[in-house]
**Q** 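Quick one: the structure is below, and I'll ask about it shortly.
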Amino acid sequence: MSLFKSIETAGSSLTAHRVMMDTISENLANSNTTRTADGGPYQRKIPVFEAMLEEAGKDPGQMTGVEVKEIALDDSPPRMVYDPGHPDADPGGYVAYPNVSVVREMADMMSASRAYEANLEVVSTVRTMWEAATEIIKG
Amino acid sequence: MFNDKVWIAGKAGSSALAKRFDAVANNIANVNTPGYKRQEVTFEEDLRSAIGTRKTSNKLEMETTEKNHFGNSGNNSLENFQVNESTVEDSSYRLDGNNVDPEIEMAKLAETRMAYQGIMKIMARRVEMIRTAMNGG
C-alpha cells in the first residue's frame with residue numbers, strides 16, 4: 001500500500017543522512033591529520049546523494065527515496081600552514097593540513113540533523129495516518 | 001452497501017491524499033540531493049468535478065441507474081478518477097539546483113495528514129451507522 005512506501009522512502013533518507021553524519025564526524029575527527037596510509041594529509045570526504053528510482057514493481061521509474069551513491073574525496077588543495085618544526089613540514093617549512101573546514105562541516109552537520117528530524121516527522125505522520133485508517137474497522 | 005457517493009468519494013480522496021503524501025515524503029527524503037526537482041500531486045479540481053455539480057449549484061443530483069438517464073453519472077467518473085503527478089522544474093533559490101523547500105513540504109505534510117484523518121473519520125462514522133442499523137439501533 002502507498003503509505004508503507006512513504007515509510008521506506010523516509011527510511012532511505014534516514015540512512016543517507018546517518019551516513020552523511022558519519023562522514024562529517026570522520027572529517028572533523030581528521031581535521032588535523034597530516035599523515036595517512038596513502039601519504040599526504042587527510043582528504044575531506046563527501047557523501048554523494050542520488051534520488052532512487054523504483055526498478056521493478058507496480059510503476060517502474062517512480063521515485064522511492066534517496067541513496068548514497070558513493071563517498072567521494074574532495075580534491076581541493078590542502079591548507080598550507082607555516083610550521084618548520086613539524087615532522088611533516090616540507091623543505092620550505094610548510095605543513096599540508098587537510099582541506100577540511102571545521103565551520104563548513106558544522107554547517108553541514110546542522111543540515112544533516114535537520115533533514116533527519118524532518119524524515120522522522122514523516123515516519124510518525126504515517127503512523128498517525130494509519131491509526132486513523134484503522135479507525136474505520138473499529139467503527 | 002458501500003457504493004454510495006460519500007464512500008466512493010472518500011476512497012478516491014484518501015487514495016489521492018496518500019499519493020500526495022508519497023510525493024511529499026519523497027521531497028523531504030531528497031532535501032539534500034543536488035539537482036533534485038520536487039514532485040507535486042494535484043487532484044482537488046478533478047475530484048470536485050468528478051463528485052459532480054453539487055458544489056457549484058448547491059442542488060442534489062438525480063440518481064442515474066440507467067445509462068440512458070439524463071445527468072452525469074457521478075459514481076462512474078469517481079471510479080475512473082486519476083490524480084496528476086508532476087515534477088516541478090521551477091527555479092531554485094539554492095545553489096545545488098534542488099528546489100525543495102523544507103518548510104513548505106512540512107506544511108503540506110501536516111495538511112495532508114489532517115485531511116486524510118478527516119476523511120477517515122467520516123468513513124469510520126459511516127461504518128458505525130451501518131453497524132448501528134445492523135444491531136437494530
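Every chain is numbered from 1, with letters handed out A, B, ... down the list of sequences. Here the structure is a predicted model, which is why all the values come from computation and not from measurement.
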**Q** Just by modelled atom types, is the A:Gly93 backbone N or O under 3.5 Å from a matching donor or acceptor in the A:Asp90 side chain?
**A**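 The answer is yes, because a donor-acceptor pair under 3.5 Å joins these two groups.
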**Q** If the threshold is 4.0 Å, N to carboxylate O, is there a salt bridge linking A:Arg114 and A:Glu117?
**A**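 Yes, A:Arg114 and A:Glu117 are salt-bridged.
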**Q** Below 4.5 Å, heavy-atom pairs only: which of B:Ile130, B:Val31, B:Asn26, B:Val24 has the largest tally toward chain A?
**A**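 Highest number of pairs under 4.5 Å: B:Asn26.
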**Q** If you count heavy-atom pairs within less than 4.5 Å of chain B, which of A:Gly65, A:Ser111, A:Ala115 leads?
**A**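 Counting heavy-atom pairs under 4.5 Å, the top option is A:Gly65.
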**Q** Give, as side chain, backbone, both or neither, the part of B:Glu105 having an atom under 4.5 angstrom from any heavy atom of chain A.
**A**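 When you check distances to chain A, no heavy atom of B:Glu105 falls under 4.5 Å.
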**Q** Let's test your reading of the structure: which of B:Thr33, B:Asn32, B:Leu109 forms the most heavy-atom pairs below 4.5 Å with chain A?
**A**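 The option with the most such pairs is B:Asn32.
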**Q** Should A:Arg44 and A:Glu105 count as an ion pair when the cut-off is N to O under 4.0 Å?
**A**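 Looking at A:Glu105 together with A:Arg44, the answer is yes, because their closest N to O distance falls below 4.0 Å.
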**Q** So does A:Ala10 get a backbone contact from the side chain of A:Ser13, meaning a donor-acceptor N/O pair under 3.5 Å?
**A**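 Side chain of A:Ser13 to backbone of A:Ala10, a donor-acceptor pair under 3.5 Å: no, none is there.
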**Q** Looking at the rings of A:His86 and A:Tyr94, which for Trp means the six-membered one, are their centres under 6.0 Å apart?
**A**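 A:His86 vs A:Tyr94: aromatic centres not under 6.0 Å.
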**Q** Let me know if A:Val126 has heavy atoms under 4.5 Å from chain B in its side chain, its backbone, both or neither.
**A**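 Both backbone and side chain of A:Val126 come within 4.5 Å of chain B.
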